[in-house]
Structure formats: C-alpha cells, structure tokens
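Report on one structure; see the data block that follows.
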Amino acid sequence: MTGVLSYIAFMMILFVWCLGWLGISAFVGSLLDVPARVSVASGVILGPLGVLYVLLSGLIQKRGMRRLGRTSPFTASPTPFPGDPFA
Amino acid sequence: MTNPFADPFVNPTAPTTVLSSDSSPDGRVRRSVLPISLLVLCFTGATMPWVLFRPLGDERRGFNVTDVPGGMGIVWTLVLLAVPGFALFMAGRRSGLILMALAGGMLGWMATISGLLLSVITSILPSFKLAGIDLTKTQVGQGQGVPVTMLASLILGFIAIQSLQRGESNATSFRVPVAPILALTPLILLAVNHHTEWLELGSEDTAVAAAVPGDSLYGSGLLLVGLWIAVGIWIIALVLRQRLVYVFAAALSAIVGGVSLVYSVLVWLGGKALVWLMPQSVEGWSSLRVAPGLYVTMISAVLLLGVSVATFAPSTTEKSVQVNTAASLGARTARTSDIVGAVILFLIIVYAVVRVVT
C-alpha cells in the first residue's frame, strides 16, 4: 500500500511539475512570438531551463527582427496597408 | 509595376533569425545512436546512488529511485513511455525523439526534486556540531546518479527541441564554439565534486571517521541551483550562439566560480588552522585530512572564473573549432554523433560489468 501511495505521489509531482512549466513556457512563448510547439515542448521536457530557452530565443528573435526593421511573421503588421499603391 | 500587396519591410536578401515552427513538415528525423545512448544513460543514472548516507564510520550506503517504495513502478512507467518513443524514433519519426526526451527529462527532474527534498529534510534535522561543522548534514548528501541523470536528460532534451526547429542538414562539417565547452568542463567537475568529501575527520581510538562534503556547507543548496542553471545556459549558448546568451552564462558562471572558490579556500584554511591549532584532539577527533575533492573544486573554480571573465571579450566568443559530421574508421565512414553515442554506450556497458563484478 505504501508503494502504491508513494507511486501516485511521485507521478502527481512529476505531472504537476511538467504541467506547470508547460503553462509558464507557453505563456512566455506567446508573449515573444515563439512557435507554440517549440515553447510547449521546451517547457515540458526542460522545465525551468525550457522557459529560459524560450525567453532567450524569443528575445534574440525579436532583436533580430528589430535590426532588420520588420515584425515577426507570427504577429500582425502594425501597418497593414503601407499607403496608396497607385500613387 | 511593383506588387502593391508585398510587405514593404521585407528585404529578401537579408538573413533572418526567425524560429521556424516546422522546418521538416513530415515530422521525420534522422536515426542516430546519440539520443538512444543518452536515454540509456538517463536510466543508468537512475540506478546509481541519488542519496548517499555517510554514517559516522566508514560504511557508506547509496540509495536511488528503485529503493523508494513504488520506485520500481515509476521506473517501469518511464520505460513504458520510452519504448514506444524508441520504436517511433527508429521508424524515423520526430515524435519518438520527443517521447524519449520526455522519459529522460522526467527522470532528470525527479533526480532534481529528490535533491531539493533532501535539502529540506536535512535542514529540519537537529544539528550536531563539531568544531563549527554540522555533522548531521555531513551524513546525508546527493550521489553521483543525480548529475549523470540530469546532464544526460538535459542534452537529450535540447536535441529533441532542436529537431523541432532545424531541418536535416547535409553539411560536411559544423563549427562548435569553444567557450561553452571550456566552461562546461569545470562546471561539471564542480557539480560532481560538490558531493564528494572535502575534509575527513578521524578518531584513532574508536576508528570512527566523518567525511565533510561540499554539500554540507551553509548555502550550498543555492550554489548548486546556480551551478545547474549555469550548465543549462551554457548548453543553450551552444545551441543559440548569441552574444546575449554568452554574457548571461558568463555572468552566472563567474558568480558560481567565485563562490565555489571562496567556499573551498575557507574550508582548506579552516582545516589547516584546525590541525595547526589543535593537533592532538578536537573533541575526540584526532586527525583531519584534506581530501582531493577539495583541490579539484578549487582548481575547477579558478578555471571557471578565468573562462567566464574571458567570455566577456567578444574575440573569445567568436572562437570555434570545426568538427566533421562524418569520420572514417578504416574503410568505413561513420557519423560523428553515432561515434559519440557508441562511446557512451560502451562506457555504460563497462560500468555495468564493473558493477556486477565488484
């Protein structure tokens, strides 16, 4: 009986751990426009380091975009129509 | 006439750093020995001691996840997760690699959680102090299974995440940055030696010995957390290769290296002072020896500090070595990752044989 309870406790801890980091990672990834699949997998597999990975890769991507003077393809353009094309 | 609906901000010739959500749409990966050997290493690490019990004598006992009630069930559950993953990976499916990484990752995080729980338990035990050293904390510590499982699961995890972002490459060689490799070596030495004896106290009358490891010192839990985060960030630096990550990793490593150096120097000085001041007997303890683990920690901390400071210079981060993706073994050619994987598998077999024999 102790074994069964201990098994359930450990599996629950692992489940809550993975689910918690998945949520945090997905949230950080959505803020920084990191593809959902990458941020979810990073959070589940790598835990807190996955969140850090998503954060750093997202920041680097944003910085790269800013340097190139364009927005991420995952977000809407702030200027959807650049002006009169027939001018 | 130009296309009026084209994105005016796009420069088609400029390189981008956009993360690809699906670089290989068919979800296929190349079969390799390395992820399999890392998964086997995770499970091998789970059979190594996770918790070391060092009573005031010289008989040490190691406990791992299989010694916990229900522990075998946990290991078999993760094996059941890993086996379909292995089958899918052998069929060339990326989902198989993710499942394997998930099984390895769960073992790695379980090792971490066990270490955290251990710190909590030792902190509530009544302290038994001798010459300023809490001997209660010296009796329980982490075993070598924790760093082995954690490191293997981290590398496997990053391989899986990378497979989501990068497609197959047909390049004949790739460049590996030098700084992360130089920093990871002393960091791993620090992590392993943190749980070995730094001082050995002995009593000739009763033939009782007490070992004082690095993890029994005040604040060592925080240092260990910082150390593993630094390991993780250096692995991220290997993958992302951006200056921002290098600087972040170097800053954290410099703190870890500095604190480790201060710890080891203070323990070394304290040990020497204790022997010099009271050579005959310290509350019944008549001998005190500085263990090799303390010297290894001291040297590793100095190396880590040096590498961390050097990493702040941009010229250091740009240094890299070229590694061929394939190597010729006589008449045959094998991929470098397969060779590394085969070496890890060979070492695991050697370890298993030595364990069975002894």
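First the proteins, then the strands, lettered A, B, ... as listed; each starts at 1.
- Here the closest non-hydrogen pair linking B/L164 and A/A41 is CD1-CB, 3.5 Å.
- To the nearest 0.5 Å, atom CG of residue A/L14 and atom CG of residue B/L102 are 9.5 Å apart.
- Remark: A/L46 CG to B/W109 CH2 distance equals 7.0 Å, nearest 0.5 Å.
- Distance CE/B/M150 to CG/A/L49: 7.0 Å, rounded to 0.5 Å.
- Annotation for B/F312: atom CZ counts as buried by contact number, over 12 foreign heavy atoms lying within 6.0 Å.
- To the nearest 0.5 Å, atoms CG (B/L240) and CG (A/L59) are separated by 10.5 Å.
- Ranked by non-hydrogen atom pairs under 4.5 Å with chain A, the options B/I98, B/L156, B/L154 are led by B/L154.
- In this structure, CZ in B/R94 is found 4.5 Å from CZ in A/R37, a value given to the nearest 0.5 Å.
- Heavy atoms of other residues, nucleotides or ligands lying less than 6.0 angstrom from CZ of B/F63 number more than 12.
- Neither the backbone nor the side chain of A/V4 comes within contact range of chain B; no heavy atoms are under 4.5 Å apart.
- Within the model, atoms CZ of A/F10 and OG1 of B/T77 stand 12.5 Å from one another, a figure rounded to the nearest 0.5 Å.
- Of the atoms belonging to B/F158, heavy atoms from both backbone and side chain fall under 4.5 Å from chain A.
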